[in-house]
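Below you'll find the structure, written out as structure tokens, and then a few comments.
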Amino acid sequence: MIAIMGAMPEEIEPILDFIGEYRSYEFAQNIYYQGEYKGIPLVVAYSKIGKVFASLTASVLIQHFKAEKLLFTGVAGALNPSLKIGDLIAARRLCQHDLDITAFGHPFGYVPEGKVFIEADRELLLLAHEVAREKGIDLKEGTVATGDQFIADPAKKEWIATTFGADAIEMEGAAVAVVCDAFSVPFFILRSISDAADMEASFDFDSFLRDSSRRSGEFMRAMLDRMA
Ligand code: ADE
């Protein structure tokens, strides 16, 4: 069973569109869609926004639906100026930019027995790069910072970019990474840029959520084509 997860309905809509037929199950106040694509059993869900909901959904996908791999599709804000709206970035590693017990002498993003950065699965990243090469898509790879804040402020954006060496910002990836890492489930997090986390971010996000989600979803489909 492969899980495909997003945070918002718009992020998983492209996936449900190409699956076509699926059954819906309610579990822990969320809906999970089960179907298949080219013979691959899939379970698809959107978590709702933020790290807590994302952790819950990832845990349910793994523990209840027995997902053996977890793929995340959705949108992100660009921190790296080379990333433009619509570009695709795969997370090589993820961190929580809003995790802060620096008062105790720890680095930002760290709590005892945790890690600042969690690495995504190498094989899934390699597969993604093969798909990108085949399709002539310029897939970027980098550090994704996650936190329970929509960033629309140049100073905050700059702080996150420099503190974590981050290329993109979103609100779920590191939570999914923590859960998958704990359960030893290989994961892959793909984001298409919807905004630049600046003063125009909320406006751009609303304008580009659908198009960017579709780009990310189409790339996921191409990855499943390779896995089938
Ligand atoms: N997801 C998409 N754009 C974002 C932003 N600017 N901040 C946080 N999450 C996002």
Side-chain angles (χ1 to χ4, degrees), residues 4-15 45-58 70-100 108-109 116-118 120 138-180 187-220:
I4 305 185
M5 182 179 158
M8 300 173 71
E10 291 85 351
E11 290 174 319
I12 65 158
E13 200 179 87
I15 311 296
Y46 76 89
S47 56
K48 302 185 277 287
I49 295 166
K51 295 194 294 179
V52 174
F53 285 131
S55 307
L56 173 63
T57 300
L70 195 156
L71 314 177
F72 190 105
T73 177
V75 301
L79 300 179
N80 187 325
S82 76
L83 287 169
K84 304 297 175 208
I85 287 171
D87 283 357
L88 288 169
I89 175 166
R92 179 189 321 123
R93 57 178 199 164
L94 302 102
C95 61
Q96 297 180 61
H97 68 76
D98 58 351
L99 191 55
D100 179 356
F108 284 106
V116 177
F117 294 104
I118 298 192
D138 181 20
L139 174 67
K140 303 284 200 319
E141 185 182 309
T143 300
V144 170
T146 303
D148 285 327
Q149 298 160 356
F150 183 84
I151 305 299
D153 169 41
K156 183 98 210 194
K157 166 182 171 172
E158 186 55 32
W159 181 84
I160 296 166
T162 52
T163 305
F164 297 97
D167 300 294
I169 183 109
E170 38 85 307
M171 301 179 69
E172 297 81 22
V176 171
V178 168
V179 170
C180 289
F187 69 93
F188 174 76
I189 291 175
L190 181 70
R191 297 282 190 170
S192 174
I193 300 301
S194 57
D195 61 84
D198 54 10
M199 308 284 254
E200 286 83 54
S202 58
F203 179 82
D204 286 345
F205 181 90
D206 284 342
S207 311
F208 296 106
L209 170 63
R210 277 175 184 282
D211 277 1
S212 294
S213 293
R214 207 148 276 283
R215 273 179 202 236
S216 183
E218 277 165 18
F219 194 90
M220 280 293 167

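Both counts, for ligands and for their atoms, begin at 1 and track the order of listing. One is the number of the first residue; the rest follow in order along the sequence. Given the structure is predicted, the values throughout are model-derived calculations rather than measurements.
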What atoms of ligand 1 come closer than 4.0 angstrom to any heavy atom of [X]?
{"X": "Met171", "answer": "8 (C), 9 (N)"}
{"X": "Glu170", "answer": "9 (N), 10 (C)"}
{"X": "Ala197", "answer": "6 (N)"}

Discussion item. Quick check on Ser194 - does any of its heavy atoms sit under 4.0 Å from an atom of ligand 1?
Written reply: yes
Discussion item. Between ligand 1 and Lys157, can you find any atom pair, the residue atom being a heavy atom, that is separated by under 4.0 Å?
Written reply: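 Checking ligand 1 against Lys157, which is what was asked, there is no heavy-atom contact under 4.0 Å.
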Charged N-O contact under 4.0 Å between [X] and [Y]:
{"X": "Glu13", "Y": "Arg214", "result": "yes"}
{"X": "Asp87", "Y": "Arg215", "result": "no"}
{"X": "Glu172", "Y": "Lys48", "result": "no"}

Discussion item. With rounding to the nearest 0.5 angstrom, report the CG to CG distance, Asp198 to Asp204.
Written reply: 6.5 Å
Worksheet entry | Between Ser216 and Thr73: side-chain donor-acceptor atoms closer than 3.5 Å |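 Per modelled atom types, Ser216 and Thr73 side chains form a pair under 3.5 Å.
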Discussion item. Tell me whether Glu10 contacts the main-chain N or O of Ser213 through its side chain, where contact means a donor paired with an acceptor under 3.5 Å.
Written reply: no
Fill in: N/O donor-acceptor pair under 3.5 Å between Asp195 side chain and Glu200 backbone
no
Closest non-hydrogen protein atom to [atom], residue and atom name please, with distance?
{"atom": "atom 10 (C) of ligand 1", "result": "Ile169 O, 3.7 Å"}
{"atom": "atom 4 (C) of ligand 1", "result": "Phe150 CE1, 3.4 Å"}
{"atom": "atom 8 (C) of ligand 1", "result": "Gln149 O, 3.5 Å"}

Discussion item. I need the contact type for Ala76 against ligand 1. Using non-hydrogen atoms and a strict under-4.0 Å cut-off, is it side chain, backbone, both or neither?
Written reply: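 Answer for Ala76: backbone.
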Discussion item. So, regarding Gly77 and ligand 1 (criterion: nitrogen or oxygen to nitrogen or oxygen, under 3.5 Å), is there a contact or not?
Written reply: yes
Item to complete: Please indicate whether any nitrogen or oxygen in Ile151 is less than 3.5 Å from any nitrogen or oxygen in ligand 1.
Response: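 Yes; at least one N/O pair falls below 3.5 Å.
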Worksheet, complete the sentence: Which of Glu158, His97, Lys157 passes side-chain contact (heavy atoms from CB on, under 4.5 Å) with Leu79? It is Lys157
Item to complete: Would you mind finding which of Leu209, Asp195, Ile160 brings a heavy atom closest to atom 3 (N) of ligand 1?
Response: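 Heavy atom nearest to atom 3 (N) of ligand 1 belongs to Asp195.
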